[in-house]
2 protein chains.
Amino acid sequence: MNFDSNIPIYIQIADYIKNLIFRGVIESGERIPSVRELAKELGANPNTVQKAYSLLLKEGFLKTKRGIGYFVTDDEEFLQRKRKEALLNFVREVKERLKKSGFTLEEFKREL
Amino acid sequence: MNFDSNIPIYIQIADYIKNLIFRGVIESGERIPSVRELAKELGANPNTVQKAYSLLLKEGFLKTKRGIGYFVTDDEEFLQRKRKEALLNFVREVKERLKKSGFTLEEFKREL
DNA sequence: ATTACTGTATTATATACCTATGACAGTAGA
DNA sequence: TCTACTGTCATAGGTATATAATACAGTAAT
């Protein structure tokens with residue numbers, strides 16, 4: 001993982017976890033690394049990981065059990081919906097950026 | 001223009017100008033708004049606009065004449081090359097994000 | 001010369017982010 | 001019970017970003 005970006009690290013970590021869920025690397029209901037574990041693994045601060053987890057908690061991706069750990073939500077329907085939303089949002093974002101930069105969709109597809 | 005993003009404002013402004021150049025809204029050699037003008041127009045601070053312009057100056061998109069203003073470089077070959085680079089970088093970024101999120105290229109194209 | 005623009009630079013202040021460190025509370029197993 | 005994990009919270013310090021205010025220097029038109 002690479003933190004040399006303008007995007008806040010806790011956002012990058014949240015996206016990283018979200019992507020692992022979408023990819024099925026972490027399954028529904030499964031436990032994820034503790035804040036201290038992941039912090040050590042990524043070379044980040046536990047507080048930063050905590051902030052990322054809190055965000056995912058608020059968004060509904062994670063559940064927490066004090067003293068035990070964080071878990072991916074077991075609401076599979078929710079995850080499927082979010083996955084679809086993520087794709088559509090991404091498509092919208094791509095189109096927006098193409099328009100802003102003055103690239104045509106054809107020009108883009110040609111390089112894809 | 002919208003600054004409620006995690007991306008620093010001076011980066012957003014630099015991208016905004018770059019896009020205007022790529023789209024041909026501002027032409028090669030043409031003068032761009034003064035730091036104070038653009039700051040007022042965007043509701044940002046002149047120092048922030050200055051930082052954006054300095055970045056574009058360093059990258060070669062702009063030239064400066066003290067007491068007169070900032071101008072888009074007259075090196076059209078450079079701009080063409082940068083435009084192409086921007087497209088290819090964007091394509092690479094899109095592919096990367098698709099891979100990280102576990103979306104297939106076909107899945108993406110279907111929504112495009 | 002005066003005026004009104006330019007770019008450029010400095011200082012101070014506020015805020016968000018990140019890290020380091022430590023503390024407290026809940027859980028599970030030896 | 002003790003130990004070693006968990007989540008959670010608080011404090012302090014450093015850095016980047018953004019704003020506000022001000023100042024100085026170069027250019028051009030009146």
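Naming: A, B, ... by sequence-line order, numbering from 1 per chain. Computed from a predicted structure; not experimentally measured.
Following rounding to the nearest Å, B:Phe71 (CZ) and D:dT27 (P) show an atom-to-atom distance of 12 Å. Protein atom CG of B:Leu55 is 14 Å distant from nucleotide atom P of C:dT8, rounded to whole Å. Rounded to an integer number of Å, the gap from A:Ile11 CD1 to C:dA16 C1' is 12 Å. Here D:dG7 presents its P atom at 8 Å from CD of A:Gln50, a figure rounded to the nearest Å. Summarising the geometry, the separation between OH on A:Tyr70 and P on C:dG26 is reported as 16 Å, rounded to the nearest angstrom. Atom pair A:Ile68:CD1 and C:dA25:P shows a separation of 18 Å (rounding to whole Å applied). If you measure from atom CZ of A:Arg36 to atom P of C:dA20, you get 15 Å, rounded to the nearest angstrom. If you measure from atom NZ of B:Lys63 to atom C1' of C:dG7, you get 16 Å, rounded to the nearest angstrom.
Across C:dT19, C:dG7, D:dT8, the shortest atom-to-atom separation from the side chain of B:Thr64 is found for C:dG7. Taking every side-chain heavy atom of A:Ile9 into account, C:dT19 is the closest of D:dT8, C:dT19, C:dT8. Closest contact between the side chain of A:Arg66 and the listed nucleotides C:dT6, D:dG7, C:dC17 involves D:dG7.
If you check every strand for non-hydrogen atoms under 4.0 Å, A:Glu37 touches sugar and phosphate atoms only. Using a 4.0 Å heavy-atom criterion, one finds that B:Tyr53 contacts no nucleic acid atom at all.
OP1 or OP2 of C:dT19 has at least one side-chain nitrogen or oxygen of A:Thr48 nearer than 4.0 Å. The phosphate of C:dG7 has neither OP1 nor OP2 within less than 4.0 Å of any side-chain N or O from B:Lys65. For the pair B:Ser34 and C:dT6, the criterion of a side-chain N or O lying under 4.0 Å from OP1 or OP2 is met. OP1 or OP2 of C:dC18 has not a single side-chain nitrogen or oxygen of A:Tyr10 nearer than 4.0 Å.
Nearer the 5' end of DNA chain C, as judged by each residue's closest nucleotide, is the contact made by A:Ala44, out of A:Gly67 and A:Ala44.
Residue-to-nucleotide contacts include a donor-acceptor pair under 3.5 Å from the side chain of A:Asn45 to the base of C:dA20. Below the 3.5 angstrom threshold, one finds a donor paired with an acceptor across the side chain of A:Asn47 and the base of C:dT21.
Between atom NZ of residue A:Lys82 and atom OG1 of residue A:Thr73 there is a gap of 11.5 Å, rounded to the nearest 0.5 Å.
For A:Glu37, the CD atom is densely surrounded, since the number of other residues' heavy atoms within 6.0 Å is greater than 12.
The aromatic rings of B:Tyr70 and B:Tyr53 lie perpendicular to each other, with more than 60° between the two planes, well past the 30° mark.
With A:Glu30 contributing its side chain and A:Glu27 its backbone, the two residues share a donor-acceptor pair below 3.5 Å. Remark: side-chain polar atoms of A:Ser101 are paired, donor with acceptor, to backbone N or O of A:Arg97 under 3.5 angstrom.
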